[in-house]
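Throughout, a chain's letter reflects where its sequence line sits, starting with A, and its residues are numbered from 1.
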There are 2 protein chains.
Amino acid sequence: MKPDSVFKKAFNRTLQLVEAGDVDIGATSENALRARIGVSRTTVRKVLSELDARGITQATGKRPRAGKPILKSDYFPDPETTSKRQHVEEQFMEWMLRGDTQPGTLINELQLARQFGVATNGIREFLIRFSRFGLIEKKQNSGWLFKGFTEEYALELFEIRVMFELRSAVLFSELPDDSPFWTELAELKTAHQQLLLEIGRRFHDFSRLDNRLHRLINRAAPNRFIDDFYEVITLIFHYHYQWNKKDELQRNEAAIREHLAYIDALSSGDAHEIERACLRHMTSARTTLVRSIDGAG
Amino acid sequence: MKPDSVFKKAFNRTLQLVEAGDVDIGATSENALRARIGVSRTTVRKVLSELDARGITQATGKRPRAGKPILKSDYFPDPETTSKRQHVEEQFMEWMLRGDTQPGTLINELQLARQFGVATNGIREFLIRFSRFGLIEKKQNSGWLFKGFTEEYALELFEIRVMFELRSAVLFSELPDDSPFWTELAELKTAHQQLLLEIGRRFHDFSRLDNRLHRLINRAAPNRFIDDFYEVITLIFHYHYQWNKKDELQRNEAAIREHLAYIDALSSGDAHEIERACLRHMTSARTTLVRSIDGAG
DNA sequence: GGCTTGCATATTACTTATAAAAAACAACTT
DNA sequence: AAGTTGTTTTTTATAAGTAATATGCAAGCC
């Protein structure tokens, strides 16, 4: 049976939009709402009829009208709004990164399936998807081998990352002066400066800026393989840093300064300067990752 | 139900070994045979009892002894010895590359499953595995989009390939003089020269040499992400060239000469020369691929 | 004619089931 | 004691089945 997490998420999202006054149910067509939420009309209709069933709207005659106010308890709990796939990812990452899973461990589909409460198929699909992260390896007609989230892994990851980043940075700096990317870069610079001022309170926001900057640079001359690789980096960082909070403020503050230097170098168009600034940032990011791996293991 | 293709392949392999006089069933332990064929002992025992059941061996008392001679008809037909997974790959590649499938086509799991005669699960697993080749893309809660085996694809592929190859070539050339890799390189050079002499008859053998050379170069300083990427290249070339035979002899002859120049450059240790030879080979390989895409589409 | 909703159909995201194959265990043989 | 075979248990590779979701088509409305 397929879970109804799509519906539940859509329902929650609709409640949000209504509460925020962003959407007037009575005046919005099914199709407009569909586009807004990003699901099919079938799901939107299910949401509308649920709203009705709960008395949050009243479908007297044609158009629904506001009924009962929306309560916190009307929202579906978060875990019910995410797909099994998402659950598996989260639980696997936790098992791997936090569970002190040793390099060389054999991964057992059946056991993970029981442990995570899903069918083996879901585990297998996840593992296939995950295998491109270079951390696991399939053994023919047998299980999977966990190769370990090791220093070696981090170094290999960064070797590629540096190559890609340097390539993209140079291409970015060669964009014509009237390219809209320069405007975006300027905006990002401001956002960095702003964050630096409020670093004490908002240091968590750095990872979003980090992502935006690197994605922007890669967008100047897109290459699907580089994009894919960047997804690897994003996921690794997402989970790894989520559980390694040590010195986060200082690390992020330093990284912001590196970003600012990098942004200035890009604007300058001086290839040598770009390489220097880029490498400095990459090196410190690598050091941070390697250090946190050592610390964790 | 799980197919018994592993057993059938193991059975055929055993017949081969016995026919070649490589293995004496009577004198070989189950475990030794297992190691030789690369399957579990369970499967080996199944093979042995099938041999017995057919009278190819006679298990009078303890050790089996030779019985009837082995006939061609004793072998299982090839298609029964490959896994469903392999079938799906082959059929999908054919559908995609030869079926004139247009960029933008939506891939329907159910339809492919029916077309290929497998369960949807198998299709889905294949597509997930295949998605890292950058040719298809998942649409959330919906099907997959075929992005097209286009010139743009080939160019993006080669942009990365050139970066990786240059990196590995330089690292290779810096190996110490007594590294065993130099011996391997020398052997490969001889093999190339040999093939050049017999190019008229054996030009198909080039792709194997091509693979060996590039893998050797990458092995000097391994990086799992580069290895993975090379698998993408290998698969693309494997299928694409399988169906594009135009000018194959001339293309391969030219490529062999490029390889020889590349090998010499590597041995010389002259970074500039290496870059030149490497780029020349990469450029001509790219041209070949792009041309055959245009020709096919 | 374009936009709406109602309805029917197709496809996906799962779960459960099963034979094949691998792995683990035990008993036996040199 | 190490290697062999017999037996049992576990795990994988696949198929079949099902509710949720997406998609397509038709009819109605401004």
Phosphate contact (D/dT12 OP1 or OP2) by B/Lys84 side-chain N/O below 4.0 Å: no
Nucleotide C/dT12, atom P - distance to CH2 of B/Trp144 in whole Å: 11 Å
Sugar-phosphate only, base, or nothing, as touched by B/Lys138 at under 4.0 Å among non-hydrogen atoms: sugar-phosphate
Comparing B/Arg41 and A/Gln111 on DNA chain D - which has the more 5′ nearest nucleotide: B/Arg41
Phosphate OP1/OP2 of D/dT11: any A/Arg114 side-chain N/O under 4.0 Å: yes
5' priority, DNA chain C, between B/Pro3 and A/Ser5 [closest heavy atom]: A/Ser5
Minimum-distance nucleotide to B/Lys46 side chain [options: D/dA20, C/dA20, D/dA22]: C/dA20
B/Glu30 CD - C/dA21 P separation (whole Å): 16 Å
Nearest-Å distance for atom pair CG/C1', residues B/Leu112 and C/dT11: 12 Å
Output field: ring centroids A/Phe229/B/Phe225 closer than 6.0 Å: yes
Proximal nucleotide (of D/dA19, D/dT23, C/dT12) relative to the A/Met1 side chain: D/dA19
Derivation of the ring-ring contact (aromatic ring centres under 6.0 Å, His included) call for B/Phe116 and B/Phe92: CA-CA 8 Å; B/Phe116 298 170; B/Phe92 181 83; 7.0 Å; no
Sugar-phosphate, base or nothing in reach of B/Asn108, heavy atoms under 4.0 Å: sugar-phosphate
Distance-only donor-acceptor test (3.5 Å): side chain B/Thr42, base C/dA23: yes
Polar side chain donor-acceptor pair, B/Arg161 to B/His214, under 3.5 angstrom: yes
Phosphate OP1/OP2 of C/dA13: any A/Ser83 side-chain N/O under 4.0 Å: no
Distance in angstrom units between A/Leu33 CG and C/dT4 C1', rounded: 14 Å
B/Asn121 CG - D/dT18 C1' separation (whole Å): 14 Å
Interatomic distance, A/Ile107 CD1 vs D/dT10 C1' [rounded to whole Å]: 17 Å
Contact nearer the 5' end of DNA chain C, comparing B/Phe7 with A/Ala32: A/Ala32
Sugar-phosphate, base or nothing in reach of A/Lys139, heavy atoms under 4.0 Å: nothing
Donor/acceptor link under 3.5 angstrom from B/Lys2 side chain onto base of D/dT12: yes
Short N-O contact, A/Glu152 and A/Lys147, less than 4.0 angstrom: no
Short side-chain N/O contact to D/dA22 OP1/OP2 from A/Ser40, under 4.0 Å: yes
Separation of C/dA13 C1' from A/Glu125 CD (nearest whole Å): 8 Å
A/Ser29 side chain near C/dT4 phosphate (N/O to OP1/OP2, under 4.0 Å): yes
Nearest-angstrom distance from the residue atom CG of B/Leu110 to P of D/dG24: 14 Å
Sugar-phosphate only, base, or nothing, as touched by A/Arg45 at under 4.0 Å among non-hydrogen atoms: base
Sugar-phosphate, base or nothing in reach of A/Thr120, heavy atoms under 4.0 Å: nothing
Aromatic ring pairing A/Tyr239/A/Trp243, orientation class (parallel under 30°, perpendicular over 60°, tilted between): tilted
Charged tip of A/Arg54 within 45° of A/Phe76 ring normal and under 6.0 Å: yes
Residue whose closest nucleotide on DNA chain D lies nearer the 5' end, B/Val118 versus A/Val44: B/Val118
Distance below 4.0 Å between B/Arg124 side-chain N/O and D/dA15 OP1 or OP2: no
Ring geometry between B/Phe7 and B/Phe11 (parallel below 30°, tilted from 30 to 60°, perpendicular above 60°): tilted
